[in-house]
J.: 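I have a structure I would like to understand better, so I am pasting it below and will then ask my questions one at a time.
Just the heavy atoms: all of them, side chains too, but no hydrogens, waters or symmetry mates, feed the values below. Every chain is numbered from 1 and lettered A, B, ... according to where its sequence line falls, protein lines coming before strand lines.
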Amino acid sequence: MGITAIRGFNDILPEEAELWRHIEEESFMVFSSYGFSEIKAPIVEKTELFSRSIGETTDIVEKEMYTFLDRHGDSLTLRPEGTAPVVRAYIEHKLYESPVTKLYYAGPMFRYERPQKGRYRQFYQIGAEVLGDGSPQADAEALGMLMGLFDRIGLEGAMLQINSLGCPDCRPAYKKKLYAFLLDRKESLCDNCKRRIDANPLRALDCKNPGCVEATKDAPSIIESLCADCADHFRKVQARLERLGIKASINPRMVRGLDYYTKTTFEITASGLGSQNAVAAGGRYDGLVNELGGPRTPCFGFAMGVERLALLLKENGVFKKKPLSVFIALGENAEMKGMELLKGWRQKGLKIAEDFSGGSLKSRMKRADKAGARYVLILGEDELGHGEITVKDMATAGQERVKWEFVADRIAP
RNA sequence: GUGGACGUAGCUCAACCGGUUAGAGCACUGGACUGUGACUCCAGUGGCUGGGGGUUCGAGUCCCCUCGUCCACCCCA
């Protein structure tokens with residue numbers, strides 16, 4: 001074998017790309033119906049943007065980023081997630097001049113992880129961010145939008161889990177309380193949790209190691225330690241979700257891998273993905289804009305993984321393609337006239353591939369079938385003389401002669 | 001980054017205990033059938049057995065290294 005794609009980077013072949021396109025189109029349509037607009041941010045940013053926003057001690061920043069020096073010696077990084085670039089652009093272009101900004105984006109992200117099913121080094125995310133709205137309504141609306149989208153594209157069995165991580169007023173106190181609790185039981189924790197107990201004790205709640213699970217069984221719950229404002233916010237989010245008919249289970253142990261989250265966080269999982277079972281996740285990040293040099297701006301956002309969605313939709317998703325027709329001309333006269341006719345039909349929006357390759361009609365029919373044609377349009381000397389064309393429906397095997405001007409009506413869905 | 005399973009034709013997989021020229025189905029090309037696909041029949045193309053090294057008279061098969069895929073951990077969308 002010659003040169004191959006690098007590990008964790010995949011080619012998305014036409015068949016799968018079509019499904020991806022469908023996922024994107026449906027997402028964009030739903031997002032725009034909620035008043036979101038698209039933003040396109042660069043794929044490469046200054047390393048500092050990510051280390052400051054995601055958190056110096058997170059796994060992503062510590063060992064998963066594609067970081068390199070450019071020719072001027074600046075440290076640059078391939079974006080490992082989409083929120084930080086969007087927030088950077090939001091601040092840089094002073095989009096905060098308007099009260100609320102709703103943005104969505106789609107594109108590749110990069111993390112140096114060990115590839116697995118549903119986890120690649122280049123992966124695609126579609127995300128949305130509401131900037132400048134701190135209300136519980138914003139959280140619930142965004143979640144409603146996301147669940148509605150999943151419903152629309154035919155994703156089955158999506159489970160929503162929510163939690164609240166508090167704010168700078170209540171989280172430090174909780175962290176201290178949890179830290180003290182863990183310190184007492186340090187000996188039963190796994191090495192990994194022991195190591196990060198100082199920097200990020202919350203992580204221990206998320207650990208699947210049996211010793212850690214047992215040790216943290218009676219750990220203090222973040223939800224019971226929220227300040228009045230955060231508790232009120234969380235309660236209101238739940239009430240609004242209920243009103244929208246969205247079932248959410250509360251998981252006080254769910255911790256995010258990015259440091260910027262505050263208050264509401266969530267994760268949507270689906271079975272059938274193995275251990276990489278999250279299809280979308282996100283939450284509130286009220287401090288990030290300010291931290292990156294903008295005004296105090298409460299925000300809520302999320303991202304979904306396109307590879308994982310595609311994986312699930314391949315099983316049970318539903319979308320119908322525009323029918324393909326294949327045009328076959330018999331003889332040079334028909335070929336010449338055919339080019340003219342095709343131009344007109346395509347302008348009307350018909351999807352028509354042509355087969356001028358010659359060979360027997362049989363072999364060309366065969367090729368049309370292989371190409372997935374719903375209709376085959378045959379133009380021979382006989383049809384040519386009558387201003388007609390033979391339209392064969394490959395699904396029913398029936399065929400009829402149709403006047404040229406009625407072809408568009410005949411094969412339109 | 002750790003542990004494990006597996007890499008044979010474009011795809012899915014065979015090949016006994018190490019033994020002749022590595023097979024089959026699907027797919028592809030052509031024909032049976034020169035104005036009709038899918039179904040049937042016939043023929044054909046297609047392989048450095050992931051790559052490299054070793055053991056052996058002999059390696060797809062055993063050993064080592066390497067690359068890759070998958071699973072679990074980890075992490076996360």
J.: Please classify the nucleic acid contact of A:E381 as base, sugar-phosphate, or nothing, using heavy-atom distances under 4.0 Å.
T.: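 A:E381: base contact, heavy atoms under 4.0 Å.
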J.: Parallel, tilted or perpendicular: which one describes the rings of A:F31 and A:Y104, with boundaries at 30° and 60°?
T.: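 Because their plane-to-plane angle lies in the 30° to 60° range, the rings of A:F31 and A:Y104 count as tilted.
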J.: Would you indicate whether A:M159, at its atom CE, is surrounded by more than 12 heavy atoms from other residues, nucleotides or ligands within a distance under 6.0 Å?
T.: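 12 or below, so no.
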J.: Could you tell me the Watson-Crick or G-U partner of B:rC16, where both distances fall under 3.5 Å? Say none if there is no partner.
T.: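 Across all strands, not a single nucleotide pairs with B:rC16.
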J.: Is the CD atom of A:E224 crowded by more than 12 outside heavy atoms at less than 6.0 Å?
T.: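 For A:E224, atom CD is not crowded (no more than 12 foreign heavy atoms under 6.0 Å).
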J.: Tell me whether the side-chain N or O atoms of A:K392 pair up with the base of B:rG37 as donor and acceptor below 3.5 Å, since no angle test is needed here.
T.: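 Such a pair exists between side chain and base.
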J.: Taking atom C1' of B:rC76 as reference, at what distance in whole Å does atom OH of A:Y261 sit?
T.: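 The distance from OH of A:Y261 to C1' of B:rC76 comes to 11 Å, rounded to the nearest Å.
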J.: Once hydrogens and angles are ignored, does a donor-acceptor distance under 3.5 Å link the base of B:rC71 to the side chain of A:R114?
T.: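 Absent.
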J.: Suppose you measure atom P in B:rG54 against the same atom in B:rC11; what distance do you get, rounded to whole Å?
T.: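 It comes out at 30 Å once rounded to the nearest Å.
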J.: Check whether any side-chain nitrogen or oxygen of A:R308 sits under 4.0 Å from OP1 or OP2 of B:rC76, and answer yes or no.
T.: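 A:R308 to B:rC76 OP1/OP2: no side-chain N or O under 4.0 Å.
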J.: As a test of understanding, state which of A:K263, A:R256, A:E129 forms a side chain to side chain donor-acceptor pair (under 3.5 Å) with A:Y285.
T.: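 Answer to the side chain to side chain donor-acceptor pair (under 3.5 Å) test with A:Y285 among A:K263, A:R256, A:E129: A:E129.
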J.: Using atom P of each nucleotide, how far apart are B:rG25 and B:rC41 to the nearest Å?
T.: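 Rounded to whole Å, the distance is 11 Å.
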J.: Among A:V130, A:L131, A:D133, which residue satisfies the side-chain contact (heavy atoms from CB on, under 4.5 Å) criterion with A:K102?
T.: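 The single option meeting the side-chain contact (heavy atoms from CB on, under 4.5 Å) with A:K102 is A:V130.
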J.: Please figure out whether A:G8 or A:G282 has its closest RNA chain B nucleotide nearer the 5' end.
T.: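 So the residue in question is A:G8.
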J.: Report yes if at least one side-chain N or O of A:Q116 is closer than 4.0 Å to OP1 or OP2 of B:rU69; otherwise report no.
T.: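 For B:rU69, OP1/OP2 do not have a side-chain N/O of A:Q116 under 4.0 Å.
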J.: Now, which nucleotide makes the Watson-Crick or G-U wobble pair with B:rU40, with each of the two distances under 3.5 Å?
T.: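 For B:rU40, the partner nucleotide comes out as B:rA32, under the 3.5 Å rule.
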J.: Check whether more than 12 heavy atoms from other residues, nucleotides or ligands sit under 6.0 Å from atom CZ of A:R21, and answer yes or no.
T.: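 Counting other residues, nucleotides and ligands, CZ of A:R21 stays at 12 neighbours or fewer.
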J.: Just call it for A:A397: base, sugar-phosphate, or nothing, with non-hydrogen atoms closer than 4.0 Å on any strand.
T.: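 A:A397: base contact, heavy atoms under 4.0 Å.
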J.: Need to verify one output field. Residue with the more 5' nearest nucleotide on RNA chain B, A:Y124 or A:Y112?
T.: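 Whichever sits nearer the 5' end wins; that is A:Y112.
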J.: Taking the side chain of A:K370 as its heavy atoms from C-beta onward, which of B:rG35, B:rC28, B:rG37 lies nearest to it?
T.: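 Of the candidates, B:rC28 comes closest.
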J.: When rounded to the nearest Å, what value does the distance between C1' atoms of B:rC48 and B:rG60 take?
T.: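 Those two atoms are separated by 12 Å.
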J.: Heavy atoms only, 4.0 Å cut-off, all strands: where does A:A368 land among base, sugar-phosphate and nothing?
T.: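 It contacts nothing in the nucleic acid.
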J.: P atom, B:rA43 versus B:rU49: distance in rounded Å?
T.: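 Straight-line distance between the two P atoms is 27 Å.
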J.: Taking atom P in both B:rU2 and B:rC74, what distance in whole Å separates the two?
T.: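 These two P atoms come out 16 Å apart once rounded.
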J.: For the side chain of A:R111, starting at C-beta, report the closest nucleotide among B:rC76, B:rG37, B:rC71.
T.: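 Shortest atom-to-atom distance from the side chain points to B:rC76.
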J.: Please report the distance, rounded to the nearest Å, between CD1 in A:I60 and P in B:rC76.
T.: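 About 6 Å, once rounded to whole Å.
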J.: Using the P atoms only, state how far B:rG10 lies from B:rG50, rounded to an integer number of Å.
T.: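 Pairwise P distance, B:rG50 against B:rG10, rounds to 12 Å.
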J.: OP1 or OP2 of B:rU69 sitting under 4.0 Å from any side-chain N/O of A:R7?
T.: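 Answer is yes, contact under 4.0 Å.
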J.: Could you work out the separation of B:rG51 and B:rG68 based on their P atoms and round it to a whole Å?
T.: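 Their P atoms lie roughly 15 Å apart.
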J.: Please measure how far the C1' atom in B:rG18 lies from the corresponding atom in B:rA59, and state the result in whole Å.
T.: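 Rounded to whole Å, the distance is 7 Å.
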